[in-house]
Amino acid sequence: MRDEDPVVLPDDESYGDEVQVDYPGYRSTRWRAPKRPLVPLPERLRDLAGPVFGEDALEPADNDLTRQHEGEPLGERIIVSGRVLDEDGRPVRGALVEVWQANAAGRYRHDVDRHPAPLDPNFSGAGRCLTDDEGRYRFTTIKPGAYPWGNHDNAWRPAHIHFSLFGRLFTQRLVTQMYFPGDPLLAHDPIFHAVRNPKARELLIARFDPETTEPEWALGYTWDIVLGRGGPGTTVFEETR
Amino acid sequence: MSRPRTPSQTVGPYYAIGLSRRPQNVLDPDGIELSGRLLDGRGEPIDDGMVELWDAEGRRFGRCGTDGEGRFRFRVPRDCAVLEALVFARGLLRHQRTRVYLRPPDGDDDLLAALSPAERETLLARPEGDGLVFDIRMQGERATVFFGH
Ligand SMILES: [Fe+2]
């Protein structure tokens, strides 16, 4: 990237809840983001069913990332929970929710991660669960640390948890990231800002939740996830939430 | 009225930590091998991407990370004519959707009919040896056709 290219572009509400796929501040988009306009799908292919996962997809401690090893991981214990809804506000039941994250020091248990921060022998950083009848999911984990990356000079990712979701429909497949409220790094992060509409960006930030905070045990964060139905541009972004 | 959707964000380079467990790349143990390479706009392999395949009924699903050559490998049902495919990678802020035709369609296919011959070509797997080959090009002259979600 040339120096004059800003890492963070100004807000643009016209993007609605869509991310700008060719956002220049995130350098890896350059040779990877498709350049031609997407071809619209015929009606009959828009509502294909997605795969259904059952309890057999889960193993014990899958939803508690602090209990997957002999000892407990270091870091700030947190509970992340929320509801998975469709655009009409209906719960998405039985959705497979998968998460992965860095440890408290900002290091992933992955060969490619060369950040000189310690690995935690008691933390793998992966979890999964199925939503219940009200669309609820819940994980116990530790708060991930921020970490440096090579996108630009002195680039740091804000703390985040990666989420992957399978809804009922093929079009409801979603991979995204959850951020934490008040993180000063958000203002400088091109991946976060590739969502150009500030109201849509807010949807990626969990809220601290005294209700799900457990006394003498763990801080609670709540984050609801809304899965789509139609194609890009077919939904109207609303002011209200 | 409808709620705004949660925006997409990239899987990043470390998705394998969370997404390398079951289900894996076998949609049908008795199926045919489908392999291919995921390539960027310079023709370079994307070695940290992931491909997901689904059949139209949502009964059979598989996913596979790409290796150092950008290669992915599946075992897919022989009785399927076409599979839905999703591509995930660092640098893709949203996954991209395409289709893999395991054989040329028998009759008219409204989706293929709307494309140019060169575009159509990008969606057809080609037989090679005992299996099928399907490369995915994110950009360029022979870029794979991607569909609106
Ligand atoms: Fe990350």
Side-chain angles (χ1 to χ4, degrees), chain A residues 16-21 23 26 28-29 31-36 38-42 45 48-52 57 85 87-89 98-100 108-110 112-113 124-126 162 164 170-171 173-177 191 194-195 199-200 203-204 225-228 231-232 235-238 241, chain B residues 1-23 40-42 44 46 48-50 52 54-62 84 86 88-99 110-111 114-115 119 138-140 143-149:
Chain A
D17 51 20
E18 285 289 327
V19 68
Q20 182 186 344
V21 172
Y23 190 75
Y26 176 28
S28 300
T29 60
W31 298 106
R32 294 185 169 194
K35 292 207 184 293
R36 297 198 193 129
L38 301 179
V39 174
L41 275 175
L45 291 174
L48 293 182
V52 176
L85 304 168
E87 282 175 302
D88 300 320
E98 294 170 291
V99 295
W100 67 102
Y108 284 91
R109 189 179 281 272
H110 191 289
V112 173
D113 188 356
S124 298
H162 294 267
S164 162
F170 192 82
T171 46
R173 184 82 177 93
L174 176 68
V175 171
T176 187
Q177 301 180 25
I191 292 180
V195 178
K199 294 197 188 79
L203 303 177
L204 295 175
I225 301 162
V226 179
L227 304 181
T235 50
V236 181
F237 189 80
E238 281 186 292
R241 184 181 172 229
Chain B
M1 270 306 286
S2 75
R3 294 170 182 241
R5 292 170 303 173
T6 305
S8 174
Q9 295 271 270
T10 179
V11 285
Y14 309 126
Y15 71 83
I17 294 172
L19 304 182
S20 60
R21 280 174 48 185
R22 286 177 304 136
D40 75 9
R42 296 164 297 192
E44 299 286 330
I46 295 179
D48 54 3
M50 179 178 76
E52 291 183 346
W54 324 33
D55 71 1
E57 290 80 41
R59 284 181 298 122
R60 291 175 289 200
F61 168 83
E84 309 295 323
L86 299 182
F88 301 80
R90 168 176 63 82
L92 290 185
L93 284 155
R94 193 193 204 293
H95 60 262
Q96 295 297 321
R97 177 175 181 176
T98 186
R99 308 191 89 201
D110 52 347
L111 186 139
L115 302 175
E119 288 172 328
M138 299 313 299
Q139 299 175 352
T144 302
V145 172
F146 296 108
F147 296 96
H149 309 270

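All values below come from the heavy atoms of this structure, side chains included, with hydrogens, waters and symmetry mates left out. Chain letters run A, B, ... following the sequence lines, proteins first and then strands; every chain starts at 1.
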From CE (M138(B)) to CH2 (W31(A)), nearest 0.5 Å: 14.0 Å
Under 3.5 Å donor-acceptor, Q177(A) side chain and T10(B) backbone: yes
Heavy-atom contact with chain A under 4.5 Å, split by part of R90(B): both
Under 4.5 Å from a heavy atom of chain B, the part of V112(A) involved: both
Test item: D17(A) side-chain N/O and P7(B) main-chain N/O as donor-acceptor pair under 3.5 Å: no
Contacting region of Y14(B) [heavy-atom separation from chain A under 4.5 Å]: both
Nearest heavy atoms of P42(A) and D110(B), plus distance in Å: CB-OD2, 3.7 Å
Interatomic distance, R32(A) atom CZ to I46(B) atom CD1 [nearest 0.5 angstrom]: 4.5 Å
R60(B) versus chain A, the contacting section by heavy-atom distance below 4.5 Å: neither
Straight-line distance of F147(B) CZ to L41(A) CG, nearest 0.5 Å: 6.0 Å
Most chain A-contacting option - heavy-atom pairs closer than 4.5 Å, from F61(B), F88(B), W54(B), F146(B): W54(B)
Separation of L174(A) CG from R5(B) CZ (nearest 0.5 Å): 9.5 Å
Between D40(B), V145(B), T144(B), the one whose heavy-atom pairs under 4.5 Å with chain A are most numerous: D40(B)
Inter-residue atom distance T176(A).OG1 - R94(B).CZ, 0.5 Å rounding: 10.5 Å
Ring centers of Y15(B), W100(A) separated by less than 6.0 Å: no
Under 4.5 Å from any heavy atom of chain B - which part of V21(A): both
Most chain B-contacting option - heavy-atom pairs closer than 4.5 Å, from A57(A), S124(A), P51(A): P51(A)
Region of E52(B) in contact with chain A, defined by heavy-atom distances below 4.5 Å: side chain
Side chain, backbone, both or neither of L85(A) within contact of chain B (heavy atoms, under 4.5 Å): side chain
Qualifying residue for side chain to side chain contact (heavy atoms under 4.5 Å, CB included) with V39(A), from T98(B), L115(B), L111(B): L115(B)
Q9(B) (side chain) donor-acceptor with I191(A) (main chain) under 3.5 angstrom: yes
Under 3.5 Å donor-acceptor, R36(A) side chain and G140(B) backbone: yes
Which portion of S164(A) sits near chain B, non-hydrogen atoms under 4.5 angstrom: side chain
Shortest non-hydrogen contact between H110(A) and P13(B), atoms and distance: NE2-O, 3.7 Å
Chi angles and distances behind the side chain to side chain contact (heavy atoms under 4.5 Å, CB included) call for L93(B), Q20(A): CA-CA 7 Å; L93(B) 284 155; Q20(A) 182 186 344; 5.9 Å; no
Non-hydrogen atoms of L38(A) and G148(B) that approach each other most closely: CB-N, 3.6 Å
Whether T6(B) side chain and V226(A) backbone form a donor-acceptor pair below 3.5 Å: yes
Reported CG-to-OH distance for the pair L92(B) and Y26(A), which is rounded to 0.5 angstrom: 8.0 Å
Pair L19(B)-H162(A), side chain to side chain contact (heavy atoms under 4.5 Å, CB included): steps then yes or no: CA-CA 10 Å; L19(B) 304 182; H162(A) 294 267; over 6 Å; no
Residue selection (most heavy-atom pairs with chain B, distance under 4.5 Å) from L45(A), I225(A), V52(A), V99(A): L45(A)
Best-contacting candidate, P40(A), A194(A), A49(A), against chain B by heavy atom pairs under 4.5 angstrom: A49(A)
